[in-house]
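Working notes for the structure below.
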Protein chains: 2
Amino acid sequence: MIRLSRLADYGVVLMTHIAGDAERPCAAHAVAAATRIPEPTVSKVLKALSRHGLLESHRGVNGGYTLARAPSEISVTEIIAAVDGPIAMTECLDADGGACSLETFCPTRGSWLKINNAIRQALDEISLADMIAPTLLFPPPAAPGERRRLIS
Amino acid sequence: MIRLSRLADYGVVLMTHIAGDAERPCAAHAVAAATRIPEPTVSKVLKALSRHGLLESHRGVNGGYTLARAPSEISVTEIIAAVDGPIAMTECLDADGGACSLETFCPTRGSWLKINNAIRQALDEISLADMIAPTLLFPPPAAPGERRRLIS
DNA sequence: GCGAATGAGGACCGCTACAGTCCTGTATGT
DNA sequence: ACATACAGGACTGTAGCGGTCCTCATTCGC
């Protein structure tokens, strides 16, 4: 029903992997090999993450990516936002808005904001450190690259 | 970042409209005219909602749809689930799952479940009645039919 | 200084799934 | 009997996502 884009999912997986590899810079191809995610895609996601200040990049030989902050200081929200970006948000604001407002004053808007906040808060409370923590008392591992991960 | 499908959005808007029109059955074309959503689409969404027990349908002349339950007994989660369906959920379960589990044991899985629950809970707590309530102390009305409504 | 390694940034493209439409059948009330 | 309205499915166009590739900039080792 509510879905997370595949790339955003990748983003979280990649971040957790880099967080697990401590201080040494992780090259894109190394992370790709470890996570089994196609390398060009990994590169794309990592670039987005570094552009948004979640990763630091180091060029040249033995370069790669390192976390820009401590895992506990990075929320899942940030990761998702960095990869997927705040698309569509503007469409609701700068769009015509007249097609609906004419008859119905869209009373649902206020509630949507409430829902938005609730979800955002739930995501904000989970940091990258929480993702690394061994919460995997859970049965079978899921593929990180299935089509789309259901959220709710 | 996390998006709601357009049809699910429609679902909520349509439900609130029908809830506002009390006991009288609302014909699909009437709801379409009121909400400015194309009629075939309205029909499609209403059919889905009734198939999932959120609406009751009445055929024949003067037929239409009525709420199956009180607005306070219908959660937003149900509406979204009825329209969008639990797609992709299975992909995570019945998929190969081996592409990832080989090297990384996908430690993120446990956290995802936690996030899922948090979001689900946030949505469950909001009923259709809450959506109708005059929470619209908010500035401008949003179009109900923009491309996609951002959630977080 | 030169070359290899690696990230940066964009262009491009196929495919899937969503959104929308239409058609035929069925039920109900006048 | 007929008009109205829902039921259920088939069909289709398309936007956006996921993925690939290419070129340039930067850094390190030799």
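Remember, it's a predicted structure, so these values are computed and weren't measured experimentally. Within every chain, numbering begins at 1; the chains are lettered A, B, ... in the order of the sequence lines, protein sequences first and strands thereafter. Every heavy atom of this structure was used, including side-chain atoms; hydrogens, water molecules and symmetry mates were not.
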Walk me through whether A/Leu54 and A/Leu128 qualify under side chain to side chain contact (heavy atoms under 4.5 Å, CB included).
CA-CA 11 Å; A/Leu54 298 180; A/Leu128 186 56; over 6 Å; no

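One finds a side-chain N or O of B/Arg6 lying less than 4.0 angstrom from the OP1 or OP2 phosphate oxygen of C/dG20. For A/Tyr65 and C/dA8, the shortest distance from a side-chain N or O to OP1 or OP2 is below 4.0 Å.
Across the helix from C/dG1-D/dC30 to C/dT30-D/dA1, the helix axis at one end is tilted relative to the axis at the other end by 20° (nearest 10 degrees, each axis from five pairs).
If you take CZ of A/Arg36 and P of D/dG19, they are 16 Å apart, rounded to a whole angstrom. Counting to the nearest Å, the C1' atom of D/dC22 and the CD atom of A/Glu39 are 14 Å from each other. Atom CG of B/Leu7 and atom C1' of C/dA17 are 11 Å apart (whole Å). The OH atom of A/Tyr10 sits 13 Å away from the C1' atom of D/dT20 (whole-angstrom rounding). Nucleotide C/dA17 holds its C1' atom 11 Å from the CG atom of B/Asp84, rounded to whole Å. Distance, B/Glu56 CD to C/dA27 P: 18 Å, rounded to whole Å. D/dA5 atom P lies 14 Å from atom CG of B/Leu46, rounded to whole Å. The nearest whole Å value for the distance from the CD1 atom in B/Ile37 to the P atom in C/dA19 is 12 Å.
Partners of B/Asp124 under the side chain to side chain contact (heavy atoms under 4.5 Å, CB included) rule, at least two apart in sequence or in another chain, are B/Ser75, B/Thr77, B/Arg120.
In terms of heavy-atom proximity, B/Glu125 sits nearest to B/Asp130 at O-OD2, 3.6 Å. For the pair A/Pro71 and A/Ala19, the tightest heavy-atom approach, listed with the atom from each and the gap, is CG-CB, 4.4 Å. Closest approach of B/Ala32 and B/Glu39 over heavy atoms only: CB-CA, 3.7 Å. Among all heavy-atom pairs drawn from B/Ser72 and B/Ser127, the shortest one is O-CB, 3.6 Å. What you find for B/Ala68 and B/Gly53 is that their closest heavy atoms are CB-O, 3.3 Å.
A side-chain contact (heavy atoms from CB on, under 4.5 Å) with B/Met15 is found for one member of B/Leu55, B/Val83, B/Val31, B/Val76 and no other, namely B/Leu55.
For residues 55-79 of chain B, every residue pair satisfying the salt bridge (charged side-chain N to carboxylate O under 4.0 Å, His left out) rule, not counting sequence neighbours, is listed here: B/Arg69-B/Glu78.
In this structure, the separation between CG on A/Leu67 and OG1 on A/Thr16 is 10.0 Å, given to the nearest 0.5 Å. The CD1 atom of B/Ile37 sits 8.0 Å away from atom CG of B/Asp9, with the distance rounded to the nearest 0.5 Å.
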Identify the pairs formed between an N or O of the protein and an N or O of nucleotides 26-30 of chain D at a distance under 3.5 Å, and give each distance.
residue, atom, partner, partner atom, Å
D/dT26, O4', A/Arg59, NH1, 2.6

Protein-nucleotides 8-11 of chain D N/O pairs closer than 3.5 Å?
residue, atom, partner, partner atom, Å
D/dG8, N7, B/Lys47, NZ, 2.6
D/dG8, O6, B/Lys47, NZ, 3.3

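The side chain of B/Thr41 sits closest to C/dG20 out of C/dG20, C/dA8, D/dA5. Side-chain proximity of A/Pro38 to the nucleotides C/dT6, D/dC6, D/dT20 is greatest for D/dT20.
Contact annotation for A/Pro40: base contact, defined as any heavy-atom pair under 4.0 Å involving a base atom.
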Which pairs of donor and acceptor atoms, one on a side chain in residues 40-50 of chain A, lie under 3.5 Å apart (sequence neighbours left out)?
none

